[in-house]
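Below is one structure, written out as structure tokens; the observations come after it.
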Amino acid sequence: MQTQSRMKIARRTTTSAATAVVLATAGGLLTAVAATPASAATVTCNSPTYKRQFFTNTAFSGAPKKTDCDGTISENWGAKTPAPGLPKDNFGVRWTVTRDFGSGGPFTLTAAAQDGIRVYVDGKAKVNLWKNVTATRTKTVNVTIPSGRHTVRVDYANFTGNANVNFAYTPRTSAAVDKVKPLVPTSTALTYDKSSGRAKLTWAKNKELDLAGYRIYRRLNGSSFGGTPLATTASTSYTDTTLPVTGASYFYEVRAYDKAGNESAGTADKGVVTVDRTAPATPQAPTIVNESAANGLRVSWSAVEGATSYRVYRAIGAQGRFFEMGRTDKVSYLDTSVVEDVAYRYRVSAVDAAGNESGASPVVNSTYDDDIAPPAVTGLKVTPTEYGFQLNWDANPAADLARYAVYVGELVEDKATGEMVCSAELVKYVKADTTSYSHLTRPNGEQACLFVDALDGAWNSVYTETGTAPTVVATELNTTPSVATPSGSPLRLTADSTEGASPNQLSWSGLDANSPQTAGGYRVYRWNPAASAYEKIATLANTASAYVDAGAKPGTTSYYWVTAVAADGTESLPAGDWAINAPVN
């Protein structure tokens with residue numbers, strides 16, 4: 001409980017109507033209260049200020065001569081009149097206040113007066129010194145005041161002689177005497193500032209006169225309030241600057257305590273859900289597994305409590321910078337962008353639901369080694385053509401497919417088993433985005449075996465691993481001229497194959513322009529299968545040594561003769577060769 005302050009107040013006793021300033025106590029704090037002039041018809045005094053009435057008699061009868069407000073009862077008028085219009089003897093003064101005593105409790109009433117003084121609490125007399133005396137008498141009474149609002153009235157009578165009066169009520173704060181707990185604080189409110197992470201608790205001031213202060217308790221959701229308060233304050237608000245910003249729920253209650261050490265029950269819990277600015281724990285070092293079947297490196301780690309997702313960072317080489325590779329709510333991540341034989345470094349961080357990211361895990365190193373071959377090529381079809389063979393196959397589904405290898409060979413007998421096997425050689429690598437190939441070979445009716453192998457970026461393939469591949473056996477067309485080229489020509493002819501619309505290129509040597517056999521020049525012949533004969537397609541000067549055949553049929557094999565013509569028109573034996581004009585690969 002809080003002690004009633006006592007202070008001597010100076011007052012005017014003249015007939016001036018000026019307003020006097022009176023100090024009133026409110027729970028121990030001094031506040032200024034304007035005294036009401038005696039001429040006022042109605043006077044209202046705010047508790048705990050007394051309403052004071054002056055009477056011209058000691059029976060307090062009739063209307064008061066003067067009414068004003070008084071902060072304390074402490075007067076010494078001596079032999080003078082206490083107020084204008086009052087006699088020096090046989091006057092009465094009455095003080096009345098109705099106030100809230102909070103939880104109530106034990107009080108001491110101290111009265112001193114010359115002459116008479118009576119003290120009432122709720123109309124019941126507690127002090128009665130009512131006699132004309134020549135010296136000041138004092139009386140102290142211990143009372144118990146119940147909780148709530150009560151009225152204290154002090155009647156003073158001056159019969160004759162000097163006039164003085166003093167009165168105060170003060171709580172008894174000894175722990176041995178005061179066993180009354182303060183009332184539970186009221187009007188509790190809680191606000192939370194997300195930007196600062198602080199919670200502010202406010203409440204109404206308790207009415208106890210012996211109030212010492214308030215204790216604030218905090219608990220985590222799911223736990224109970226401890227015996228030690230979070231904070232103690234004499235104010236009616238408290239800002240919690242130590243509230244963890246973890247996204248958890250916390251509850252508060254306020255308890256009042258008095259000077260005897262009595263503590264009230266707690267207020268109703270006030271809860272708050274904090275913002276979450278606390279990052280999860282740092283993940284432990286991840287592990288790396290080479291998953292060739294998935295064409296990547298699998299980064300794995302242990303789950304972190306409170307994490308809802310993880311971020312994977314990668315650096316290339318020992319000095320490379322880390323960049324975020326991906327995010328996942330799993331505890332592993334498959335990096336499929338790796339390249340074989342490149343050194344990589346990885347680290348992982350944990351992220352909670354509020355987006356707080358932990359520190360980075362220890363770094364681990366790894367190198368991707370691809371040892372999984374693409375599946376074997378399927379759907380291979382081989383079509384004999386006038387330029388050799390046309391190959392077509394199904395697209396290979398391997399994600400890391402890098403190229404195809406085309407093999408062409410012949411069937412030979414395996415002496416160990418007696419079976420016919422394909423003895424083939426690599427003839428061409430083709431791009432991974434194509435599924436066809438035109439194989440150029442002179443169609444002379446021979447049998448061939450062909451297959452296509454799929455290879456990834458690490459050069460893994462089914463054929464290199466197993467030595468087997470789906471093979472197609474096909475027989476060439478036979479476009480060989482029915483007229484054989486005789487031997488003994490003085491010339492050597494070379495016919496170069498071309499692709500697409502490019503003409504075949506012919507060149508020859510063996511004789512020069514001064515040779516008698518070339519005095520008449522050269523003649524070029526091309527085999528016509530429809531006529532079963534070589535037909536002359538060009539006559540050239542004796543200085544010629546090459547010819548471009550723009551008339552060759554595209555997509556076929558052309559057979560050529562070149563002869564030297566003497567001055568008398570005699571032709572030498574022909575030199576022969578062939579060239580293929582094929583589709584573009």
Donor-acceptor pair, Tyr404 side chain versus Asn396 backbone, under 3.5 Å? yes
Under 3.5 Å: donor-acceptor pair, side chain of Asp122, backbone of Thr151: yes
Locate the shortest heavy-atom distance separating Val304 from Ala281; write the atom from each residue and the value. CG1-O, 3.3 Å
On the six-membered ring of Phe322, is Arg314 placed so that its NZ or CZ lies under 6.0 angstrom from the centre and within 45° of the ring axis? no
Do Trp301 and Tyr310 have their ring centres less than 6.0 Å from each other? yes
Which of Asn206, Thr232, Leu211 passes side chain to side chain contact (heavy atoms under 4.5 Å, CB included) with Tyr257? It is Thr232
Distance-only side-chain donor-acceptor flag, Glu208 / Ser103, under 3.5 Å: yes
Would you please classify the geometry between the Trp95 ring and the Tyr156 ring as parallel, tilted or perpendicular, with 30° and 60° separating the classes? tilted
Closest non-hydrogen atoms of Ser47 and Val97, given as atom of the first, atom of the second and distance, are OG-CG2, 4.2 Å
Side-chain donor or acceptor of Asp89 paired with backbone N/O of Gly161 under 3.5 Å: yes
Which of these, Phe54, Phe55, Tyr50, sits in a side chain to side chain contact (heavy atoms under 4.5 Å, CB included) with Arg94? Phe55
For Glu263, which of Arg215, Lys181, Lys179 qualifies under salt bridge (Lys or Arg N to Asp or Glu O under 4.0 Å)? Arg215
Quick one: salt bridge (charged side-chain N to carboxylate O under 4.0 Å, His left out) pairs with a partner in residues 342-369, sequence neighbours left out? Arg311-Glu357
Is the closest side-chain donor-acceptor distance between Arg52 and Thr96 under 3.5 Å? no
Ion pair check, Asp115 and Lys131, cut-off under 4.0 Å: no
Output every pair passing side-chain hydrogen bond (donor to acceptor under 3.5 Å, both in side chains) with a member in residues 272-289, not counting sequence neighbours, ordered by first then second residue. Asp276-Asn356
Nearest non-hydrogen partners of Ala212 and Lys259, listed with the distance: CB-N, 3.9 Å
Whether the side chain of Tyr333 engages the backbone of Met325 through a donor-acceptor N/O pair (distance < 3.5 Å, no angle test) should be reported. yes
Tell me if the centroids of the rings in Phe101 and Phe107 come within less than 6.0 Å of each other. yes
Under 3.5 Å, is there a donor-acceptor pair linking the side chains of Asn46 and Thr49? no
Please check this pair: side chain of Thr267 against backbone of Val254, looking for a donor-acceptor N/O pair closer than 3.5 Å. yes
For residues 315-332, the salt bridge (charged side-chain N to carboxylate O under 4.0 Å, His left out) pairs (sequence neighbours left out) are Glu324-Arg327
Do Tyr120 and Asp155 have a side chain donor and acceptor closer than 3.5 Å? no
CG/Asn162 to NZ/Lys88 distance, rounded to the nearest 0.5 angstrom? 10.5 Å
Out of curiosity, Arg403 CZ to Asp433 CG, how far, rounded to the nearest 0.5 Å? 12.5 Å
Any side-chain donor paired with an acceptor under 3.5 Å for Tyr346 and Asp335? yes
Whether the Thr160 and Asn132 side chains hold a donor-acceptor pair (N or O, under 3.5 Å, no angle test) is what I'd like checked. yes
Can Asn164 and Thr136 be counted as having a side-chain donor-acceptor contact under 3.5 angstrom? yes
Give the C-alpha distance, both sets of side-chain angles, the deciding distance and a yes or no for side chain to side chain contact (heavy atoms under 4.5 Å, CB included) between Tyr217 and Leu230. CA-CA 5 Å; Tyr217 293 81; Leu230 172 69; 5.9 Å; no
Any salt bridge between Asp240 and Lys200, counting N to O under 4.0 Å? no
Check: Val348 main-chain N/O paired with Ser361 side-chain donor or acceptor under 3.5 Å: yes
In terms of heavy-atom contacts, Tyr214 and Ala204 come closest through OH-O, 4.3 Å
Flag, side chain of Tyr368 to backbone of Tyr344, donor-acceptor distance under 3.5 Å: no
Between the side chains of Thr173 and Asp178, is a donor N or O closer than 3.5 angstrom to an acceptor N or O? no
Okay, side chain of Asn57, backbone of Ser61: is any donor-acceptor separation there less than 3.5 Å? yes
For the pair Glu75 and Phe167, evaluate side chain to side chain contact (heavy atoms under 4.5 Å, CB included) and give the outcome as yes or no after the intermediate values. CA-CA 9 Å; Glu75 302 292 351; Phe167 171 76; over 6 Å; no
Rounded to the nearest 0.5 Å, what separates atom OG1 in Thr56 from atom CG in Leu86? 6.5 Å
Counting only N and O atoms by type, is there a donor-acceptor contact under 3.5 Å from the side chain of Ser461 to the main-chain atoms of Leu455? no
